[in-house]
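Structure record follows, encoded as C-alpha cells.
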Protein chains: 2
Amino acid sequence: MAAVRQISGPCRLWPEDNAFIRDVLDRIGDKWTMLTISTLSPGSLRYSDLQASIPGISQRMLTQTLKHLEADGLITRTAYAEVPPRVEYELTDLGRSLQDAVMAMASWAAEHHGEIASNRASSELTGVGRLRAAGDAATT
Amino acid sequence: MAAVRQISGPCRLWPEDNAFIRDVLDRIGDKWTMLTISTLSPGSLRYSDLQASIPGISQRMLTQTLKHLEADGLITRTAYAEVPPRVEYELTDLGRSLQDAVMAMASWAAEHHGEIASNRASSELTGVGRLRAAGDAATT
DNA sequence: CGGGATCCTTCTTGATACTG
DNA sequence: CAGTATCAAGAAGGATCCCG
C-alpha cells in the first residue's frame, strides 16, 4: 500500500514517502556497509579477511555491520565448529541485488571524486559553500 | 591516477583505495543529501520548497546539506535580491549525473525495503542478527 | 580465530532564538 | 523568506580487555 505509487507529476519520485528511503539508507547508506558489501562481492570471506580488506574498520564496526547485514538478509553467516574457529560471510541473492546500486555509487564516486575534490577546494577559497561558523569560535 | 584502475582479478573492484569511496560516501551517502538531490531532480526549488518537500529535515540540516552540495559543485545557488528574499537551488550537470546512482539506490530501496523489513523482523525473533546485548541484559 | 562487553571521546542533529 | 548562531542531548565510532 505504501509502495511506490505512480505519480502523475513530471519527475516526482518519492512523494512524501521519504520514510522507506531513509530507512534503507540508514542501513546500507553507511560507509562500512557499502564497503563490506563490495568486499563480499567476489565471494565469501571470513571475519579476519574482511577486516583485512577494509583497512580502517574496527572490529566493533565490522561485527555490527555484519550483523545488520545478516539481520537484513543481505548476507549469510556460516560458522564452522572447527578447532580454529572459522566463520564465513557471503552475500545472499538480495545482497547481490544491492551490488548493482552500490556499484553505481562506487563508479560515480570513482569517476567524479576528483571533480568534487577540486570543486570543494575552489569553494573553500572563494568561500562559496562556506559553513562552520558555529562552534568555530572555540578560540579559548 | 588513482582512478578505477583495471584489475586483473575476478571481481575486485576497489583495491586498497577505499579512501575515495568513503570520502564521497561521507557526503552523498547521507540521507538528507540523497533526499535533497532527489527532491531537486525535477528542477530548481527554493529553500522553503525544499524544506516542505523533505518532511523531517530541520533548517540546520537543510542549510548544511545545501552548502555541502554547493561546495561539491552538485547544485547551484541563485539568490534573487528581491524584497521577499528568494533563493533557488538547482542541480548542476555533475549533480544530475549523481541522480542515476541515487535513483538506483532508491529503486532498490523501494523494491526491497519490504523484504528487508520482514527479514529484520524474522531475525529479531530468531535472534539471528541480534546485537544490543550490552546494557540489554538488565534481566538481573 | 571471532567476537562480546565496556568505556570514553567526537560528531551529528534537532530545537530554539535572532537577523538582514 | 532565508538563513545564522548556540546549546545540549544522543548516537556513532574507536580502543581495550576478555572469553569460548
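Please read all numbers here as calculations on a predicted model, not as lab measurements. Chain identifiers are assigned alphabetically (A, B, ...) following the order of the sequence lines, protein sequences preceding nucleic acid strands; residue numbering begins at 1 within each chain.
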Checking all strands, does B/Tyr89 fall into the base, sugar-phosphate, or nothing category for heavy-atom contacts under 4.0 angstrom?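 Sugar-phosphate contact only - B/Tyr89 comes under 4.0 Å of backbone atoms but never of a base.
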Contact nearer the 5' end of DNA chain D, comparing A/Trp32 with B/Tyr47: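 Closest to the 5' end, via its nearest nucleotide, is B/Tyr47.
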Under 4.0 Å between a side-chain N/O of A/Lys67 and OP1 or OP2 of C/dG4, yes or no? yes
Taking only N and O in the side chain of A/Ser48, is any of them less than 4.0 Å away from OP1 or OP2 of C/dG2? yes
Would you check if the side chain of B/Arg77 reaches a backbone N or O of B/Val87 as a donor-acceptor pair within less than 3.5 Å?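 Absent.
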Within the distance-only criterion (no hydrogens, no angle test), does the side chain of A/Thr33 pair as donor or acceptor with the backbone N or O of A/Gly29 below 3.5 angstrom? no
Rounded to the Å, how far apart are [X] [atom1] and [N] [atom2]?
| X | N | atom1 | atom2 | value |
| --- | --- | --- | --- | --- |
| A/Leu50 | C/dC1 | CG | P | 14 Å |
| B/Ile57 | D/dA2 | CD1 | C1' | 14 Å |
| B/Gln51 | D/dC1 | CD | C1' | 10 Å |
| B/Gln64 | C/dA15 | CD | P | 15 Å |
| A/Met61 | C/dT6 | CE | C1' | 13 Å |
| A/Glu88 | C/dC1 | CD | P | 14 Å |
| A/Leu62 | C/dG2 | CG | P | 10 Å |
| A/Arg77 | C/dG3 | CZ | C1' | 8 Å |

Would you check if [X] and [Y] make a side-chain contact, meaning some heavy-atom pair closer than 4.5 Å?
| X | Y | result |
| --- | --- | --- |
| A/Tyr47 | A/Leu50 | no |
| A/Thr36 | A/Ile75 | no |
| B/Thr39 | B/Leu45 | yes |

[atom1]-[atom2] distance between [X] and [Y], expressed to the nearest 0.5 angstrom:
| X | Y | atom1 | atom2 | answer |
| --- | --- | --- | --- | --- |
| A/Glu115 | B/Thr92 | CD | OG1 | 8.0 Å |
| B/Ile28 | A/His113 | CD1 | NE2 | 13.0 Å |
| B/Trp108 | B/Ile116 | CH2 | CD1 | 3.0 Å |

Below 3.5 Å between N/O atoms, which protein atoms pair up with nucleotides 16-20 of chain C? Just atom names and distances, please.
{"unit_1": "C/dT16", "atom_1": "O4", "unit_2": "B/Gln59", "atom_2": "NE2", "d": "3.3"}

Among the nucleotides D/dC1, D/dG14, C/dT13, whichever has the atom closest to the side chain of B/Arg46 is D/dC1
Shortest non-hydrogen pair, A/Met103 vs A/Ser41, comes out as CE-OG, 3.6 Å
Could you work out how much the helix from C/dC1-D/dG20 to C/dG20-D/dC1 bends, comparing the axis of its first five pairs with that of its last five, to 10°?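 Both end axes considered, the difference amounts to 50°.
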